[in-house]
Amino acid sequence: MFHWLWLIPALPFAGAFVLIIFGPRMSKKSVAIVGPGVIAISAIVTMLIAYAFFTAPPPNYAYDQQLWTWLDVGGFRPHIGLYLDALSLLMTLVVTFVGFLIHWYSTEFMQDDEGYSRFFAYMNLFVASMLMLLLGDNLLLLFLGWEGVGLCSYILIGFWYQDPVHGRAARKAFIVTRVGDTAMTMGLLLLFTHLGTLDIQELMHRAALQWPVGSSLAVWAGFLLLGGAVGKSAQLPLQTWLPDAMAGPTPTSALIHAATMVTAGVYLIARTHVLYSLAPAAQTGVAVVGAATLIVAGFAALTQWDIKRILAYSTVSQIGYMFVALGVGAWSAAIFHFMTHAFFKALLFLGAGIVINACHHEHSIFKMGGLRKKMPLVFWTFLIAGCSLAGLPLVTAGFYSKGLIIWQAKAAQNGSTAIWAVAVFGVFLTALYTFRMIFVAFFGEEKTHVEHLPGWSMKIPCVVLAVLSVIGGFFETPRFLGGVHSFSDFLSTALPATIPGNAGGMSELGSELWVTLAFLVGAVTAYYLYMVNPEMVESLTAPAISKALHAFWYSDWGMDWLYDQLFVRPVVWFARVDKNDIVDSFYTGCARLSEFFYRALRTTETGRVRWYAAAIVFGSIIFVAIVLFL
């Protein structure tokens, strides 16, 4: 069964090719079959391979499929090869299955759009690039998928390119992530130069043999790869592109946030965990970046009014939790939260898309209201996803995955009380902004008339994801609840177990009680402020300092302003000063000379045939004279 591994990325690539070439001439019904169909088949193949992996695993729980030699230059011979282990298998399962549900939802959501086939071609290419990133057995092939998801995010964020706002958002995403990609490229060059290979497994083996713990080369490589991960996963200080990326179609947002681009950085660090174990400073940097990001994004989400931007900042925050787990060495906990996050975040975006369509493309939660009665199915599925995001205790998947990260943020060998406290405070922020969004949008009086109700192609994916947002957490439960560790046991063949440290006398139960308390305080605060006493919100935001703080958080802590002052304005100023330098003068002179000859030759175009004939004869005489006498 494993020899069919190549079909998993090949099918979405084939679907993208067919839709790019023939899509404009295909009916929408045919496009709706091809687009989601290839992802569905890819998901089925992945499930069959997963079944074979569980029942008859390959030797050493890893399968390497070499397809052909990509390059052969001076001893550098990277292959087009695929590598399957527990880590890549799990992430591939999530990407294909959740990706299929989003494609299915899109068949109805994008029904009236003129670029119907173009949209599904891009979406197929997006999934294919992510699968190549996950399954590539060398860093060069991984980087090809890495750049592929970057390209697809650009063309999908700017899908409605006629609107300049969408074009600007797409360019911003492309440019900001290129900053991180530059750092990653330098990291790949450093690794290849000093270790002589880009094959991931061999690279990690050589690094462990040649570099001692704390090696400066390992630290530099770790930080450079972290730079790439920070850009792709929208972590500080390169998180500014993701909220603006909400300009694209809502299914695109769901795919970016739940199953593709922003999780690429998490996978990169998890895949190169051996390197980070050799570079404690870089691994600590991962944890610090994650902890800082989840707080910054949490406060920013509190001030947003656009439902999609609230969800965007929540993604930035939740990826921060994954970085915290990676930074303290809780590798399986990070991937566990990736899985549960994929379920509830995809559901939140799909639900938001239904709400926006029903409210005449209105994005402001303060112009919605009363949707609970108008769309009960959407409300209940959205509520389940919101509770999972916030971490409703004992019931939702998010409680178990986030609780595991928070406990190991203190209990792991690299954990600390400070990171644990920040993570717990993040739970309070998450519950506060999540229930603020739910109470304002779905409760109270109806402010916008609901007109367009969803069909079953949009409802069924939401129901499936709602079920997964609940049961997905029971693959890994705390010891005090019976201690089911199926998830970490499965990943143990690809990722090392968390090394226990000093938990400061706090048990896992004690940590979960603090998480539960933070959730309850956040949810009750949101209920009181937005349901019981909404006037209090106005009084709290009335003082000048509160308005300034609100504006500061709303602007993503002034990061765009800072980048504008540090980078954009100096470059624009220098371009204006330098526009008439000697280099420009040279090219301007060439243009003027061309223009002079053009004007001179233009005078010969008189329309008189006799003059043309005389010029031909004169030119012939000169040519003959040159041949005879020179």
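The model shown is predicted, which means the values in this text are computed figures rather than measured ones. By convention here, the first residue in the shown sequence is residue 1.
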Neighbour count above 12 (heavy atom, 6.0 Å) for Leu190 CG: yes
Phe159 ring center within less than 6.0 Å of Phe119 ring center: yes
All ring-ring contact (aromatic ring centres under 6.0 Å, His included) counterparts of Phe174, not counting sequence neighbours: Tyr154
Atom OH of Tyr161: over 12 foreign heavy atoms under 6.0 Å: no
Contact summary for Ser469 and Ser388, nearest pair of heavy atoms: O-OG, 3.4 Å
Shortest non-hydrogen contact from Ala397 toward Gly473: CB-N, 3.3 Å
Derivation and outcome, ring pair (Phe, Tyr, Trp, His ring centres under 6.0 Å), residues Phe338 and Tyr267: CA-CA 9 Å; Phe338 152 77; Tyr267 174 76; 9.0 Å; no
Backbone N/O of Leu389 and side chain of Lys402: donor-acceptor pair under 3.5 Å: yes
Heavy-atom side-chain contact between Leu156 and Pro249 under 4.5 Å: no
Donor-acceptor under 3.5 Å (Thr250 side chain, Gly353 main chain): no
Closest approach of Ile256 to Ser153 (non-hydrogen atoms, all atoms of both residues): CD1-CB, 4.4 Å
is_close_aromatic(Tyr116, Phe120), centroid dist under 6.0 Å: yes
Polar contact flag, side-chain donor to acceptor under 3.5 angstrom, Thr340-Ser401: yes
Exam field: side chain His205 to backbone Gln201, donor-acceptor pair closer than 3.5 Å: no
Worked check of side chain to side chain donor-acceptor pair (under 3.5 Å) between Ser492 and Asp489: CA-CA 5 Å; Ser492 63; Asp489 290 343; 5.4 Å; no
Residue pair Leu141, Trp70: steps toward the side-chain contact (heavy atoms from CB on, under 4.5 Å) verdict: CA-CA 9 Å; Leu141 193 57; Trp70 187 2; 4.1 Å; yes
Test item: Met261 and Met130 side chains (from C-beta on) under 4.5 Å apart, heavy atoms: no
Closest heavy-atom pair and its distance - His3, Tyr63: CA-OH, 3.6 Å
Check: Ser488 main-chain N/O paired with Glu476 side-chain donor or acceptor under 3.5 Å: yes
Parallel, tilted or perpendicular, as decided by the 30° and 60° cut-offs, for the rings of Tyr563 and Phe567: tilted
side-chain contact (heavy atoms from CB on, under 4.5 Å) between Phe344 and Thr396, intermediate numbers included: CA-CA 10 Å; Phe344 63 70; Thr396 59; over 6 Å; no
pair Leu198-Phe143: side-chain heavy atoms closer than 4.5 Å: no
Geometric class of the His337/Tyr321 ring pair [parallel <30°, tilted 30-60°, perpendicular >60°]: perpendicular
Shortest non-hydrogen contact from Val38 toward Pro12: CG2-CA, 4.2 Å
Closest non-hydrogen atom pair between Ile269 and Ala229, with its separation: CD1-CB, 3.9 Å
Ring geometry between Phe53 and Tyr61 (parallel below 30°, tilted from 30 to 60°, perpendicular above 60°): tilted
Side-chain (Ser88) to main-chain (Leu134) donor-acceptor, under 3.5 angstrom: no
Spatial distance of atom NE2 (His257) from atom OG1 (Thr252) [nearest 0.5 Å]: 10.0 Å
Side-chain H-bond candidate by donor/acceptor type, Lys345 with Thr315, under 3.5 Å: yes
Salt bridge flag under 4.0 Å for residues Glu508 and Lys410: no
Close side-chain approach of Leu125 to Phe13, heavy-atom, < 4.5 Å: yes
Side-chain donor/acceptor of Ser416 to backbone N/O of Ile419, under 3.5 Å: yes
Leu311 backbone acceptor or donor facing Ser314 side chain under 3.5 Å: yes
Any side-chain heavy-atom pair of Ile335 and Phe487 under 4.5 Å: yes
Asn138 CG to Leu203 CG distance, which is reported to the nearest 0.5 Å: 10.0 Å
Separation between CD1 of Ile157 and OG of Ser253, rounded to the nearest 0.5 Å: 8.0 Å
Approximate separation, where rounding is to 0.5 Å, of Leu255 CG and Leu101 CG: 11.0 Å
Min side-chain heavy-atom separation Arg178-Asp181 under 4.5 Å: yes
Member of Gln66, Gln65, His79 meeting the side chain to side chain donor-acceptor pair (under 3.5 Å) criterion with Asp137: Gln66
Greater than 12 external heavy atoms within 6.0 Å of Met26's CE: yes
Separation between OH of Tyr122 and OG of Ser129, rounded to the nearest 0.5 Å: 13.0 Å
Working for side-chain contact (heavy atoms from CB on, under 4.5 Å), residues Trp220 and His194: CA-CA 12 Å; Trp220 273 106; His194 289 87; over 6 Å; no
Flag for Thr197-Glu202: side-chain donor and acceptor within less than 3.5 Å: no
Worked verdict on Ile102 versus Phe349 for side-chain contact (heavy atoms from CB on, under 4.5 Å): CA-CA 10 Å; Ile102 295 171; Phe349 270 107; over 6 Å; no
Residues Asp199 and Arg206 bridged, charged N to O under 4.0 Å: no
Residue pair Leu495 / Leu87, side-chain heavy-atom distance below 4.5 Å: yes
Heavy-atom neighbours of Phe475 CZ exceed 12 at 6.0 Å: no
Flag, side chain of Tyr276 to backbone of Gly327, donor-acceptor distance under 3.5 Å: no
Min side-chain heavy-atom separation Met123-Ile39 under 4.5 Å: no
Check: Asn124 side chain, Gly35 main-chain N or O, donor-acceptor pair, under 3.5 Å: yes
Phe336 ring center within less than 6.0 Å of Tyr400 ring center: no
Residue Phe192 excluded, over 12 heavy atoms near CZ under 6.0 Å: yes
Donor-acceptor under 3.5 Å (Thr46 side chain, Ser42 main chain): yes
Pairwise distance CH2(Trp4) to CG(Leu48) - rounded to 0.5 angstrom: 11.5 Å
